[in-house]
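See below for the structure under consideration.
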Amino acid sequence: MDERLKQFTNTMKRETETISMKEYDYMLPDKAIACYPLEDRSSCKLLYYNHGDISTYFFSSIASLLPSNSLLVRNNTRVIRARIYLQKRTGAQIELLCLEPVIPSQYEQSLTATQSCVWRCMVGNARKWKEGVLEREVSIEGRESFIFSAERIEKDLIRFSWQNASFTFGQILDQVGILPIPPYLNRDTEERDNRDYQTVYAVNKGSVAAPTAGLHFTDKEFEEIAQRGIPVLDVTLHVGAGTFLPVKSDDIKEHLMHQELCIVTRDTIEQLLGRIETVIAIGTTSVRTLESLYYIARNHLEELGASLEGVLPSVSQWEPYETTEEVDTKELLQKLLLTMEEKGLSSLVFSTSLLIIPGYRFRIIKGLITNFHQPKSTLLLMIAALLGHKWKDMYEYALANGYRFLSYGDASLLLP
């Protein structure tokens with residue numbers, strides 16, 4: 001191994017092994033947490049971090065602040081009404097939060113299933129539901145009502161079934177489900193959240209949480225970005241409930257990252273190759289998708305054939321920190337495109353548990369549009385990986401200047 005590469009690998013390994021979450025804590029006053037978004041999405045504040053200099057703009061100025069040769073990448077996932085409340089005959093209320101489809105395992109197939117499907121769920125008040133079938137009478141579009149049922153077949157596996165094959169599971173969720181908003185908002189979902197907690201470009205249904213950096217954009221911002229000749233590409237990462245999980249241990253090595261499904265088209269990868277030096281991600285989920293592409297191409301090309309049979313390649317959370325051989329990003333993406341072409345894949349479908357922490361080397365993204373994240377969270381660790389110790393200056397500035405934090409809060413444009 002090249003001596004410089006060996007030294008870099010050893011340094012990165014030491015950095016990740018010595019991370020203490022106490023270093024990524026800060027005082028977040030309750031008054032700084034935005035419980036509701038502004039009426040005008042793009043009227044929020046925008047912290048502009050430009051190579052160490054920090055200033056304040058309105059988000060509506062985002063197009064003018066982007067480098068002229070930028071390429072933007074956004075996550076087009078759509079939040080589903082994944083929270084369902086059902087009652088036992090005893091009156092006990094059981095909460096089911098649909099996390100990911102199991103049978104069928106593809107989101108589109110499961111959401112369009114008729115009669116039955118199986119999902120992995122978080123079960124609230126689980127002690128009150130050890131056995132038996134939960135039922136609820138449902139009526140859609142004013143038509144004759146039918147029975148919607150849930151059966152617990154394993155600890156977190158729930159079989160949903162319904163009598164009327166005219167309706168899909170997605171339609172039933174739209175009728176009986178509730179849009180899940182972040183728990184730290186400390187309030188129930190309201191009607192306005194059905195609009196506010198979706199990006200204007202949300203298309204692919206499957207998330208239980210929004211890619212919140214995108215909530216600031218309106219069509220106007222994208223029109224201005226297009227006028228500047230800046231391309232905007234879509235990827236999909238279906239955000240799981242694990243995005244809200246705090247790092248409970250002081251030792252990051254003990255934190256288990258959640259796995260999420262990603263979809264990237266061959267056309268998107270081709271366009272990435274053309275501007276690989278200038279990629280700016282909209283949101284941390286776009287970052288994880290793009291950076292995972294490198295490791296799919298680096299370590300999992302042989303597995304792509306199995307994806308046709310439903311066995312998806314997967315990036316593990318520690319994979320970047322175990323890689324010792326340096327390979328050029330362009331070279332890898334070109335190999336990935338060639339493999340996709342050989343196997344007739346128009347889209348790359350994979351899962352990722354990628355954990356981006358200080359010591360990580362970014363392979364694809366050069367900038368980030370994001371919100372302000374919770375203390376001691378993996379999202380804050382990602383910001384620290386991008387900015388180094390300067391993340392503290394950024395967050396101190398935001399708190400001192402009245403920025404609004406978390407999902408419905410203000411935004412930042414980070415150009416390290």
Side-chain angles (χ1 to χ4, degrees), residues 11-35 44-49 52-54 56 181-187 209-213 215 239-258 260 281 283-285 287-288 291 317-318 320-321 353-362 365 368-416:
T11 300
M12 186 171 70
K13 190 170 186 288
R14 284 197 304 272
E15 286 182 9
T16 57
E17 286 178 348
T18 57
I19 285 176
S20 168
M21 293 310 300
K22 293 175 183 175
E23 299 173 21
Y24 302 94
D25 195 8
Y26 67 93
M27 288 296 297
L28 178 59
D30 289 342
K31 66 179 182 180
I33 299 174
C35 291
C44 69
K45 289 181 180 180
L46 175 70
L47 185 149
Y48 180 42
Y49 180 98
D53 294 329
I54 299 175
T56 294
I181 59 174
Y184 49 66
L185 295 183
N186 291 316
R187 64 174 178 84
T212 53
L215 295 180
V239 189
T243 192
F244 299 123
L245 289 176
V247 180
K248 295 181 179 179
S249 170
D250 184 55
D251 188 346
I252 187 60
K253 295 196 299 294
E254 296 179 11
H255 182 72
L256 181 64
M257 281 292 285
H258 52 289
E260 294 168 317
T284 58
T285 59
V287 173
R288 292 182 70 230
E291 292 295 312
Q317 72 180 68
W318 297 115
Y321 314 100
S353 303
L354 180 63
L355 174 63
I356 297 178
I357 57 180
Y360 179 85
R361 181 180 178 186
F362 288 91
I365 74 116
L368 172 62
I369 298 168
T370 189
N371 288 20
F372 295 90
H373 306 294
Q374 289 179 291
K376 299 173 74 172
S377 64
T378 57
L379 302 181
L380 185 59
L381 288 175
M382 183 189 293
I383 305 306
L386 186 65
L387 302 184
H389 68 275
K390 289 286 187 179
W391 78 266
K392 294 183 179 180
D393 297 341
M394 169 191 164
Y395 272 64
E396 286 172 3
Y397 178 95
L399 287 166
N401 287 274
Y403 277 70
R404 302 161 69 247
F405 277 55
L406 308 187
S407 295
Y408 275 147
D410 295 320
S412 62
L413 168 59
L414 310 180
L415 302 177

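At least one side-chain heavy atom of L368 sits under 4.5 Å from a side-chain heavy atom of I383. For the pair P320 and R361, the minimum side-chain heavy-atom distance is 4.5 Å or more. Between Y49 and L415, the closest side-chain pair of non-hydrogen atoms is not below 4.5 Å. Under the 4.5 Å side-chain criterion, counting only non-hydrogen atoms from C-beta, L399 is not in contact with Y397. A 4.5 Å side-chain heavy-atom check between E260 and H258 finds at least one atom pair inside the cut-off. Between Y321 and I357 there is a side-chain heavy-atom pair separated by less than 4.5 Å. Proximity of Y48 to T56: side-chain heavy atoms (C-beta onward) are nowhere separated by under 4.5 Å.
Judged purely by atom type and a 3.5 angstrom limit, Y26 has no side-chain atom pairing as donor or acceptor with the backbone of E396. Without hydrogens or angle criteria, R288 side chain to L355 main chain gives no donor-acceptor distance under 3.5 Å. The main-chain N or O of A411 is never found under 3.5 Å from a side-chain atom of N371 such that the two would form a donor-acceptor pair. Judged purely by atom type and a 3.5 angstrom limit, Q317 uses its side chain to pair as donor or acceptor with the backbone of M257. Distance alone, capped at 3.5 Å, places no donor-acceptor pair between the D410 side chain and the C44 backbone.
Each of L386, L380, L414 was scored for a side chain to side chain contact (heavy atoms under 4.5 Å, CB included) with W391, with one residue passing: L380. The side chain to side chain contact (heavy atoms under 4.5 Å, CB included) test with K376 singles out one residue from D25, L381, D250, and that residue is D25.
Between the side chains of S407 and Y184, a donor-acceptor pair is found at a separation under 3.5 Å.
Partners of A398 according to the side-chain contact (heavy atoms from CB on, under 4.5 Å) rule, which considers only residues two or more places apart in sequence or in another chain, are L47, F372, Y403, F405.
Taking the six-membered ring for Trp and the full ring otherwise, the centers of Y360 and F362 sit less than 6.0 Å from each other.
Atom CE of M382 is separated from atom CD of E291 by 8.5 Å, given to the nearest 0.5 angstrom. Rounding to the nearest 0.5 Å gives a distance of 9.5 Å between CD1 of I19 and CG of D251. Here the CD1 atom belonging to I33 is positioned 7.5 Å from the CG atom belonging to N186, to the nearest 0.5 angstrom.
The nearest pair of heavy atoms linking G283 to A213 is CA-CB, 3.5 Å. Here the closest heavy-atom approach between residue P358 and residue A385 is recorded as N-CB, 3.8 Å. S249 and M21 get closest at one heavy-atom pair: O-CG, 3.4 Å.
Ion pairing between a basic and an acidic side chain is recognised when a charged N comes within 4.0 Å of a carboxylate O; D393 and K390 show such pairing. Using a 4.0 Å cut-off between a side-chain N of Lys or Arg and a carboxylate O of Asp or Glu, K248 and E254 do not qualify as a salt bridge.
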